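These numbers were taken from a predicted model, which means no experiment stands behind them. The first residue of the sequence shown is numbered 1, and numbering continues consecutively from there.
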Amino acid sequence: MDAVAALNEIAFWLERGRAATFKVQAFRKAAAAIGPLPADEVAERTRTGRLKSMKGIGDRTYQVIQQAVAGGVPDYLADLREKGAQPLATGGSELRSSLRGDLHSHSDWSDGGSPIELMVAAAGVLGREYLALTDHSPNLTIANGLSAERLTRQLDVVAAINADGQAGSNGQPEGKVRLLTGIEVDILESGELDQDPELLDRLDIVVSSVHSKLRADRKTMTRRMLGGIQARHTNVLGHCTGRLVEGSRGTRPPSEFDAREVFAACAENNVAVEINSRPERQDPPDPLIQLALEAGCLFSIDSDAHAPGQLDFLQYGAERAARNDVPQDRIITTWPVERLLEWAAAK
């Protein structure tokens, strides 16, 4: 099989299984190292052993390349495929199969680990019909948030990706994922959104989230969130409590806010409440999903993926939505893209 494809697929399965970042990056870097080389040159360097001296090639990645060049499926990849055949989540299988898209993902333009093209390719393998690219906004400097200039350039990249290939009857390439323009924009302390309004007008999807001062008092946080929800560009309220329940970053308690008032505002302003599928977030907690249901909210099951393999985290979100009896038609990521975009434009 193709050596680059084998390395990238191994990285995908490792990301999906929440392996350590350094382990994943070993395979991504090896794929990037040999990617520009013609296949016959990779084969020749592998045969002579010269490939071992290339920067980014280690013992394990060399073995994978060697077995791929020989025409077989590398042993390590075969083992990961076998393990990956098992679902990540046991519940919500019917809802999981109804999910068409994902409205929250990150690339290496901000704090994601992979190029946009790899994210789109992985979404296609997973059967997604559409994926929103929602890199961070300028205020989140720690995540390399996009300035207006960089976001404008990214829009051109998205347009080129969507234009690549033969357009089908719905205006998108046959058999390809529709990449939606978007952003995960910070809700500033003032309640305003952290990006040029005219630029936000050009986006398909705006996920608005709080990333700072998460321990503010209940009244302050409620006022801030209401400002973001009432902003005319907001389509989805991202990871609303900001909590962390596990993982390498440790744990963090949920923010305090008036959930009934916040969810009532979401329902009134046509803003979907995100069910964030990241295992370390599990946000909102189940009791808040119930409150949002009572308020009449729509929901968006999103991966918040920062790497291709994490796009499959939607399984966790589907399991939580099913456990809380969220009706499928109130989950906007089960809608066809035409219905989704019509809804988003009507905000």
Side-chain angles (χ1 to χ4, degrees), residues 99-107 109-112 116 119 123 128 130-140 143-146 151 154-155 158 178-188 191-197 199-212 214 224-243 255 262-263 265-267 269-278 281-284 288 292 297-306 310-311 313-314 317 321 331-335 337 340-341 343-347:
L99 292 173
R100 295 173 180 263
D102 186 346
L103 301 184
H104 190 167
S105 69
H106 299 273
S107 75
W109 281 61
S110 64
D111 63 341
I116 300 169
M119 297 296 290
R128 307 283 182 260
Y130 52 88
L131 174 70
L133 178 62
T134 55
D135 281 318
H136 288 287
S137 62
N139 188 59
L140 207 61
N144 194 27
L146 272 61
L151 179 55
Q154 188 181 83
L155 297 184
V158 172
R178 170 80 171 271
L179 185 59
L180 305 182
T181 57
I183 191 171
E184 184 182 13
V185 64
D186 264 20
I187 302 174
L188 301 173
E192 297 175 300
L193 302 185
D194 178 40
Q195 191 49 275
D196 183 340
L199 192 51
L200 294 177
D201 280 335
R202 298 177 57 187
L203 304 180
D204 295 318
I205 294 293
V206 174
V207 178
S208 298
S209 308
V210 174
H211 287 103
S212 62
L214 295 176
R224 180 179 183 180
M225 293 175 73
L226 290 176
I229 293 164
Q230 292 163 357
R232 66 183 177 88
H233 293 102
T234 298
N235 302 120
V236 178
L237 176 64
H239 47 70
C240 64
T241 76
R243 75 173 185 169
S255 296
V262 163
F263 294 145
C266 285
N269 289 274
N270 201 30
V271 170
V273 175
E274 179 181 73
I275 296 178
N276 190 289
S277 300
R278 294 195 68 88
R281 286 193 180 277
Q282 299 179 38
D283 200 1
L288 291 193
C297 293
L298 295 171
F299 296 85
S300 182
I301 298 177
D302 297 325
S303 67
D304 193 1
H306 287 64
Q310 295 174 3
L311 289 166
F313 286 175
L314 285 189
I331 300 171
I332 63 174
T333 41
T334 67
W335 296 354
V337 68
L340 174 79
L341 292 176
W343 166 81
K347 175 69 168 70

| request: Applying side chain to side chain donor-acceptor pair (under 3.5 Å), run through Thr333 and Arg128 and close with a yes or a no. | output: CA-CA 10 Å; Thr333 41; Arg128 307 283 182 260; over 6 Å; no
| request: Evaluate the side-chain proximity of Leu151 to Asp196: yes if any heavy-atom separation is below 4.5 Å, no if none is. | output: no
| query | By side-chain hydrogen bond (donor to acceptor under 3.5 Å, both in side chains), which residues pair with Asn235, not counting sequence neighbours? | reply | none
| Taking C-beta and beyond as the side chain, do Asp302 and Leu103 meet within less than 4.5 Å on heavy atoms? | yes
| remark: Taking every heavy atom of Trp335 against every heavy atom of Tyr130, the minimum-distance pair comes out as O-OH, 2.8 Å
| Residue pair His106, Gln310: steps toward the side chain to side chain donor-acceptor pair (under 3.5 Å) verdict | CA-CA 10 Å; His106 299 273; Gln310 295 174 3; over 6 Å; no
| task | Compare every heavy atom of Thr234 with every heavy atom of Ile229, then report the nearest pair and how far apart it is. | result | O-CB, 4.3 Å
| task | Could you grab the distance from atom OG of Ser277 to atom CG of Leu99, nearest 0.5 Å is fine? | result | 8.0 Å
| field | Side-chain H-bond candidate by donor/acceptor type, His136 with Asn144, under 3.5 Å | value | no
| message | As a test of understanding, state which of Ser300, Cys297, Cys266 forms a side-chain contact (heavy atoms from CB on, under 4.5 Å) with Val271. | response | Cys266
| Where do Leu140 and Asp111 land on the side-chain contact (heavy atoms from CB on, under 4.5 Å) test, with the steps shown first? | CA-CA 10 Å; Leu140 207 61; Asp111 63 341; 5.7 Å; no
| field | Nearest heavy-atom neighbours spanning Gly242 and Leu214 | value | O-CD1, 4.2 Å
| query | Say you draw a straight line from CD of Gln154 to OG of Ser110; how long is it, rounded to the nearest 0.5 Å? | reply | 8.0 Å
| said: Less than 3.5 Å apart, any donor N or O on the side chain of Ser137 or Asn139 sitting next to an acceptor on the other? | reply: no
| Quick one: CE on Met225 to CG on Leu237, what's the gap to the nearest 0.5 Å? | 5.0 Å
| Atom CG in Leu311, atom OG in Ser105: separation rounded to 0.5 Å? | 6.5 Å
| said: Return the CG to CG distance between Leu131 and Asp102, rounded to the nearest 0.5 Å. | reply: 5.5 Å
| Side chains of Val273 and Pro284: closer than 4.5 Å at any heavy-atom pair? | yes
| With no hydrogens and no angle check, is any side-chain donor or acceptor of Arg100 less than 3.5 Å from a backbone partner on Thr334? | yes
| request: Start with the C-alpha distance between His233 and Gln195, add both sets of side-chain angles, then the distance that settles side chain to side chain donor-acceptor pair (under 3.5 Å), and finish with yes or no. | output: CA-CA 10 Å; His233 293 102; Gln195 191 49 275; over 6 Å; no
| Side-chain touch Leu193/Ile187, heavy atoms, less than 4.5 angstrom | yes
| message | Between Asp194 and His211, does the side-chain contact (heavy atoms from CB on, under 4.5 Å) criterion hold? Intermediate values first, please. | response | CA-CA 11 Å; Asp194 178 40; His211 287 103; over 6 Å; no
| said: Measuring only between side-chain heavy atoms, which start at C-beta, is Leu203 closer than 4.5 Å to Thr134? | reply: no
| message | For the backbone of Gly112 and the side chain of Ser107, can you confirm whether one donor and one acceptor N or O come within less than 3.5 Å of each other? | response | no
| field | Flag, side chain of Asp204 to backbone of Gly182, donor-acceptor distance under 3.5 Å | value | no
| task | From the options Gln282, Glu184, Glu274, select the one residue that forms a side-chain hydrogen bond (donor to acceptor under 3.5 Å, both in side chains) with His239. | result | Glu184
| With side chains defined as the heavy atoms from C-beta onward, is the minimum distance between Leu199 and Leu155 less than 4.5 Å? | yes
| query | Do Arg232 and Asp201 come within less than 4.5 Å of each other through their side chains, counting heavy atoms only? | reply | yes
| query | Roughly how far, to the nearest 0.5 Å, is CG of Asn270 from CG of Leu298? | reply | 6.5 Å
| request: Step by step, work out the side-chain contact (heavy atoms from CB on, under 4.5 Å) result for Val207 and Asp304. | output: CA-CA 11 Å; Val207 178; Asp304 193 1; over 6 Å; no
